[in-house]
S.K.: 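Encoded as structure tokens, here's the structure I'll be asking about.
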Amino acid sequence: MRLFSAVLASFVACASLARAESNSSVFSRIDDVRHGAADRLCRAITTAGDRDNPVVTLRCRPGPDNWPVEMLAADGRTQVTFGKLTDPRSGAIAALGGAFADPHNTIEWRLRDGKPIAAIHRYFLDNQRQALIVHKLNNDRTSCVAAVVAVERGRDANAEAVKLADTFGPTFQCGRDKLLTVGQVASE
């Protein structure tokens, strides 16, 4: 009986480890709006507004599992969306309190058993402040922002964002659950 218990305990430990190891990351790139779009990884698909106030939607290379990636630039703000937003107020700009922010050119995709469950994306709010946005990716190709992690001295914001994406992201319900904010994101 002791041998069986030991084998069972070992099996449970291995199964838990295998579950934990089923999460992984892949990375993709988009144009760098802070330094010009020299890479041309995104293409304009719609333009509106006028010369002084353009509104441009760009389609970027898709992420894993052909996840749609778009950038919307309007009113001096740029946000990246994954699939269709569940609500216009569920994007990065709203999650950042309307702050003027520029997206980083690298997206981290969190996968569970090879399937995208979340996207983590860095935004530059000004010369010193940054935030990581955790996007919940739904099975119907819609998304919303589930969490915002402030990049602050003395904490590992990348590790926190990954942990949130892996634990909170899969169960987060867009439009129902409250946005989680970690650290000081808004300016004082």
Side-chain angles (χ1 to χ4, degrees), residues 23 25-34 42 55-112 115-126 129-152 155-188:
N23 289 351
S25 288
V26 296
F27 296 86
S28 66
R29 294 177 53 91
I30 59 173
D31 288 334
D32 189 338
V33 299
R34 295 177 62 205
C42 304
V55 177
V56 180
T57 303
L58 300 121
R59 182 166 294 134
C60 303
R61 291 181 180 168
D65 198 24
N66 214 26
W67 256 91
V69 179
E70 291 184 353
M71 278 197 289
L72 173 66
D75 190 31
R77 295 171 177 89
T78 302
Q79 79 174 351
V80 175
T81 59
F82 303 93
K84 183 178 177 182
L85 288 175
T86 57
D87 179 301
R89 297 166 300 207
S90 63
I93 291 173
L96 294 171
F100 288 90
D102 292 321
H104 191 271
N105 65 346
T106 302
I107 300 165
E108 179 176 1
W109 299 85
R110 292 300 295 164
L111 310 176
R112 175 162 291 155
K115 181 179 176 176
I117 58 167
I120 302 171
H121 200 192
R122 182 179 299 265
Y123 279 78
F124 299 95
L125 284 79
D126 53 39
R129 292 184 312 128
Q130 299 176 29
L132 295 173
I133 307 289
V134 179
H135 300 263
K136 159 68 171 167
L137 304 178
N138 298 308
N139 290 333
D140 65 355
R141 301 283 176 164
T142 60
S143 71
C144 67
V145 174
V148 178
V149 179
V151 176
E152 297 171 329
R155 66 185 318 150
D156 188 345
N158 291 323
E160 289 181 56
V162 166
K163 184 175 181 179
L164 287 170
D166 289 352
T167 58
F168 182 57
T171 60
F172 187 86
Q173 294 184 352
C174 296
R176 196 165 120 189
D177 293 336
K178 186 177 177 185
L179 172 73
L180 177 63
T181 302
V182 178
Q184 180 66 33
V185 177
S187 59
E188 298 180 34

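The structure displayed is predicted, hence computed values, not measured ones.
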S.K.: Once ring pair (Phe, Tyr, Trp, His ring centres under 6.0 Å) is applied, do any residues pair with F100, and if so which ones, sequence neighbours excluded?
M.R.: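 Per chain and number, F100 pairs via ring pair (Phe, Tyr, Trp, His ring centres under 6.0 Å) with no residue.
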S.K.: Applying salt bridge (Lys or Arg N to Asp or Glu O under 4.0 Å), name anything that partners D166, two or more places apart in sequence or on another chain.
M.R.: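 Only R110 meet the salt bridge (Lys or Arg N to Asp or Glu O under 4.0 Å) criterion with D166.
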S.K.: Among side-chain atoms of S28 and W109, is any donor-acceptor pair under 3.5 angstrom?
M.R.: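 Yes.
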S.K.: How far apart are the C-alpha atoms of H135 and V80, what are their side-chain angles, what is the distance that settles it, and do they pass the side-chain contact (heavy atoms from CB on, under 4.5 Å) test?
M.R.: CA-CA 10 Å; H135 300 263; V80 175; 5.8 Å; no
S.K.: Measuring from K136:NZ to L164:CG, what's the distance to the nearest 0.5 Å?
M.R.: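 So the NZ of K136 and the CG of L164 are separated by 13.5 Å.
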S.K.: Output the distance between atom CD1 (I107) and atom CD1 (I30), rounded to the nearest 0.5 Å.
M.R.: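 The CD1 atom of I30 is 4.5 Å from CD1 of I107, to the nearest 0.5 Å.
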S.K.: According to side-chain contact (heavy atoms from CB on, under 4.5 Å), who are the partners of T78, at least two apart in sequence or on a separate chain?
M.R.: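 Applying side-chain contact (heavy atoms from CB on, under 4.5 Å) to T78 gives V33, M71, A73, P103.
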S.K.: Give every residue pair that meets the disulfide (SG to SG under 2.5 Å) criterion with at least one member in residues 59-94, sequence neighbours excluded.
M.R.: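 Checked against disulfide (SG to SG under 2.5 Å) - neighbours excluded - the pairs reaching residues 59-94 are C42-C60.
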S.K.: Could you list the residues that satisfy side-chain hydrogen bond (donor to acceptor under 3.5 Å, both in side chains) with R155, not counting sequence neighbours?
M.R.: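 R155 satisfies side-chain hydrogen bond (donor to acceptor under 3.5 Å, both in side chains) with E152, E160 only.
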S.K.: Which residues pass the salt bridge (Lys or Arg N to Asp or Glu O under 4.0 Å) test with D75, not counting sequence neighbours?
M.R.: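 Checked D75 against salt bridge (Lys or Arg N to Asp or Glu O under 4.0 Å); matches are R77.
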S.K.: Side chains of P62 and W67: does their closest heavy-atom pair fall under 4.5 Å?
M.R.: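 No - every pair of side-chain heavy atoms lies 4.5 Å or more apart.
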S.K.: Is there a side-chain contact between Q130 and Y123, using heavy atoms and a 4.5 Å cut-off?
M.R.: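 Q130 does not reach Y123 side chain to side chain.
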S.K.: Ignoring hydrogens and angles, write down the donor-acceptor pairs under 3.5 Å from the side chains of residues 142-149, residues two or more places apart or on other chains.
M.R.:
from: T142; atom 1: OG1; to: N138; atom 2: ND2; distance (Å): 3.0
from: T142; atom 1: OG1; to: D140; atom 2: OD1; distance (Å): 2.5
from: S143; atom 1: OG; to: F82; atom 2: O; distance (Å): 2.6

S.K.: Please enumerate all residues that pass side-chain hydrogen bond (donor to acceptor under 3.5 Å, both in side chains) together with K115, with sequence neighbours excluded.
M.R.: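 Scan of K115 (side-chain hydrogen bond (donor to acceptor under 3.5 Å, both in side chains), adjacent residues dropped) gives N139.
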S.K.: Quick one, V151 and R122 - any side-chain contact, counting heavy atoms below 4.5 Å?
M.R.: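 They are in side-chain contact.
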S.K.: I'd like to check the side-chain contact (heavy atoms from CB on, under 4.5 Å) partners of V55; sequence neighbours left out, ordered by chain and number.
M.R.: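 With neighbours one apart ignored, the set is A48, L72, A74.
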S.K.: Not counting sequence neighbours, which residues clear side-chain contact (heavy atoms from CB on, under 4.5 Å) with P68? List them please.
M.R.: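 Expected list: R141.
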S.K.: CZ of R61 to CG of D31: how many Å apart, nearest 0.5 Å?
M.R.: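 The distance works out to 9.0 Å.
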S.K.: Nearest 0.5 angstrom please: T57 OG1 to E70 CD, how far?
M.R.: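 Answer for the OG1-CD pair, T57 versus E70, is 6.5 Å.
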S.K.: Using a 4.5 Å cut-off on heavy atoms from C-beta on, say whether the side chain of L85 contacts that of Q79.
M.R.: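 Side chain of Q79 against side chain of L85, heavy atoms only: contact under 4.5 Å found.
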S.K.: If you take all heavy atoms of V69 and G63, which pair is closest and at what distance?
M.R.: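 That would be CG2-N, 4.0 Å.
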S.K.: Name all residues meeting the side-chain hydrogen bond (donor to acceptor under 3.5 Å, both in side chains) criterion together with D87; count only those two or more places apart in sequence or in a different chain, and write none if there are none.
M.R.: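 For D87, the residues satisfying side-chain hydrogen bond (donor to acceptor under 3.5 Å, both in side chains) (neighbours in sequence not counted) are R89.
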S.K.: Using every non-hydrogen atom in the two residues, find where L125 and A131 come nearest and quote the distance to one decimal.
M.R.: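 That would be CD1-N, 3.8 Å.
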S.K.: List the atom of P64, the atom of P116, and the distance in Å for their closest heavy-atom pair.
M.R.: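 Taking every non-hydrogen atom into account, O-CG, 3.6 Å.
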S.K.: Would you compute the distance between atom CG of D65 and atom CD1 of I117 and round it to the nearest 0.5 angstrom?
M.R.: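 Interatomic distance, D65 CG to I117 CD1, rounded to 0.5 Å: 13.0 Å.
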S.K.: Under 3.5 Å, is there a donor-acceptor pair linking the side chains of E108 and S25?
M.R.: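 Checked: E108/S25 side chains pair up, N/O donor to acceptor below 3.5 Å.
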S.K.: Taking atom CG of L132 and atom NE2 of H104, what is their separation to the nearest 0.5 Å?
M.R.: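 The CG atom of L132 sits 10.0 Å away from the NE2 atom of H104.
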